[in-house]
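The structure under discussion appears below in the form of structure tokens.
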Amino acid sequence: MPCLATVAEPTLELDHAALQRRRRALQMGFFALFLAAPALDLLRFDLHEAQLWFGGQRWTLGIAAFQRGELTATQVALSIFLRGILPAVALVAAFLAVARRFGRVYCGWLCPHFSLVEGLNDLLHRASGKLSVWDRHPVPRGGRVPQRRWWPLFALACAIFGFLWAITLLTYLLPPREIWGGLLSGTLTPNQARFLAIGSVVFTLEFAFARHLFCRFGCAVGLFQSLAWMSNPRALVMAFDRARAAECRGCATADAPAGDACEVACPMRLRPRQVKRLMFSCVQCGQCLAQCEQSHAGRSASPNLQWTIGVDALRETLRQRRDDRSR
């Protein structure tokens with residue numbers, strides 16, 4: 001997130017259209033990397049060999065060499081610490097440090113699953129006017145009229161990506177050439193075929209019915225990012241100018257002609273004008289900000305929502321706490 005990390009001012013003035021283009025490009029690039037990583041040996045664990053592959057190389061801890069008598073106990077212990085424990089701790093610490101500062105930016109800017117959530121949301125909206133099959137009422141967006149012809153495409157997309165997800169995860173555990181070759185030649189082992197069948201069904205159902213629920217409540221990666229973010233009162237936060245709250249009554253954009261543009265835009269089904277503790281699963285995608293800016297630009301006014309960080313974010317957090325205590 002260099003576009004955020006290098007900003008020195010507490011209030012972030014950004015070109016939201018350019019920001020969304022950059023976010024989409026990062027999502028597509030990381031999605032391609034997620035699919036290609038096992039085949040390129042960038043990251044996978046081979047169950048046959050009990051061997052981790054990283055960056056195209058075998059990542060060994062020296063245990064096999066110790067068993068052959070090539071390393072002493074001290075040398076293998078040092079190898080385990082330097083090549084196993086230390087990198088893992090450093091990676092987790094760096095990940096949580098970024099999350100503590102910026103929140104769930106991995107989810108909103110890189111995560112392949114969240115990329116699918118946004119794409120499937122769009123297909124479902126074209127078919128039904130809703131962003132989830134559990135919505136009670138249609139969500140106005142872009143003046144769209146729901147068309148039933150999109151339903152087969154939505155169902156097909158869920159099935160295709162469900163299968164792709166299952167086979168990609170299997171290639172992180174077994175050689176990709178073996179899995180794809182066995183699939184094309186019909187020589188998969190019973191366990192491999194069973195994994196693909198069950199995995200495809202589970203992921204298809206999840207994409208169709210529970211993709212938002214998984215992101216909000218079922219993903220451990222997202223959960224720990226949110227916990228780290230909530231612990232930091234100076235972290236990147238959505239500030240809402242409540243003194244101008246009445247202006248939101250006239251909110252309308254091309255995507256949300258009936259108002260509440262920020263809520264319609266949120267792919268996590270949140271209400272961005274709420275306090276931080278109620279935005280626990282915010283992925284910092286910035287779509288609500290873009291819609292708020294567009295709505296207020298039509299009335300020659302500054303947006304009511306804005307990203308803040310540092311001292312300004314601390315002031316917003318303290319103000320929210322005071323408001324909570326006064327209720």
Side-chain angles (χ1 to χ4, degrees), residues 27-96 106-107 110-116 157-207 211 214-215 218-224:
Q27 284 181 315
M28 289 188 290
F30 198 80
F31 193 92
L33 180 63
F34 167 72
L35 298 179
L40 299 176
D41 290 330
L42 296 179
L43 178 64
R44 68 181 181 89
F45 185 82
D46 193 322
L47 289 178
H48 292 326
E49 301 178 350
Q51 173 66 58
L52 175 67
W53 287 80
F54 179 75
Q57 303 291 328
R58 294 175 181 270
W59 192 264
T60 62
L61 300 179
I63 296 176
F66 172 71
Q67 291 174 335
R68 294 192 299 267
E70 298 173 3
L71 294 177
T72 66
T74 301
Q75 289 174 323
V76 76
L78 184 62
S79 177
I80 291 173
F81 176 75
L82 294 178
R83 297 178 63 84
I85 298 175
L86 187 61
V89 171
L91 178 63
V92 171
F95 184 78
L96 291 179
Y106 168 78
C107 296
L110 295 175
C111 177
H113 183 274
F114 187 71
S115 302
L116 290 181
C158 290
I160 290 175
F161 283 114
F163 171 74
L164 184 61
W165 215 258
I167 196 168
T168 300
L169 292 184
L170 188 56
T171 60
Y172 273 89
L173 299 175
L174 294 173
R177 182 176 299 179
E178 174 185 335
I179 301 303
W180 284 104
L183 182 67
L184 295 175
S185 63
T187 57
L188 290 172
T189 67
N191 284 338
Q192 292 170 354
R194 193 176 298 114
F195 179 94
L196 289 181
I198 296 175
S200 296
V201 171
V202 170
F203 287 123
T204 297
L205 293 176
E206 189 265 332
F207 289 144
R211 56 190 181 277
F214 176 80
C215 284
C219 177
V221 175
L223 173 64
F224 282 106

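Because the structure is a prediction, the values reported are computed rather than measured.
Annotation: salt bridge (Lys or Arg N to Asp or Glu O under 4.0 Å) contacts involving residues 55-69, sequence neighbours excluded, comprise E49-R58, R68-E70. Sorted by first then second residue, the side-chain hydrogen bond (donor to acceptor under 3.5 Å, both in side chains) pairs that include residues 177-187, not counting sequence neighbours, are H48-E178, E178-Q192, S185-T187. Sorted by first and then second residue, the salt bridge (Lys or Arg N to Asp or Glu O under 4.0 Å) pairs with a member in residues 76-89 form an empty list; sequence neighbours excluded. For residues 56-92, the pairs satisfying ring-ring contact (aromatic ring centres under 6.0 Å, His included) are F54-W59, with sequence neighbours left out.
Across every non-hydrogen atom of T204 and G162, the tightest pair is OG1-CA, 3.7 Å. Scanning all heavy atoms of the two residues, the minimum distance from S79 to T60 falls at OG-O, 4.4 Å. Here the closest non-hydrogen pair linking R211 and F207 is NH1-O, 2.7 Å. Across all their heavy atoms, L110 and S115 have their closest contact at O-OG, 4.5 Å.
With rounding to the nearest 0.5 angstrom, the CD1 atom of I179 is 4.5 Å from the CG atom of L174. To the nearest 0.5 Å, atoms CG (D46) and CG (D41) are separated by 9.0 Å. Note that CZ of R44 is 11.5 Å distant from CG of L170, once rounded to the nearest 0.5 Å. In this structure, the separation between CG on L52 and CG on L43 is 6.5 Å, given to the nearest 0.5 Å. Rounded to the nearest 0.5 angstrom, L61 CG and I85 CD1 are separated by 9.0 Å. For the atom pair CD1 (I160) and CG (L164), the distance works out to 9.0 Å, reported to the nearest 0.5 Å.
Residues satisfying the side chain to side chain contact (heavy atoms under 4.5 Å, CB included) criterion with V221, sequence neighbours excluded, are F95, Y106, C219, Q225. Remark: L42 engages L33, A37, L40 in a side chain to side chain contact (heavy atoms under 4.5 Å, CB included) (not counting sequence neighbours). Taking the side chain to side chain contact (heavy atoms under 4.5 Å, CB included) definition, one finds that L82 meets it with L78, L86, sequence neighbours left out. Listed by chain and residue number, W165, Y172 satisfy the ring-ring contact (aromatic ring centres under 6.0 Å, His included) test with F34 (two or more places apart in sequence, or in another chain). Residues forming a ring-ring contact (aromatic ring centres under 6.0 Å, His included) with F214 (at least two apart in sequence, or on another chain): H113. Remark: A166 engages L196, S200, F203 in a side chain to side chain contact (heavy atoms under 4.5 Å, CB included) (not counting sequence neighbours).
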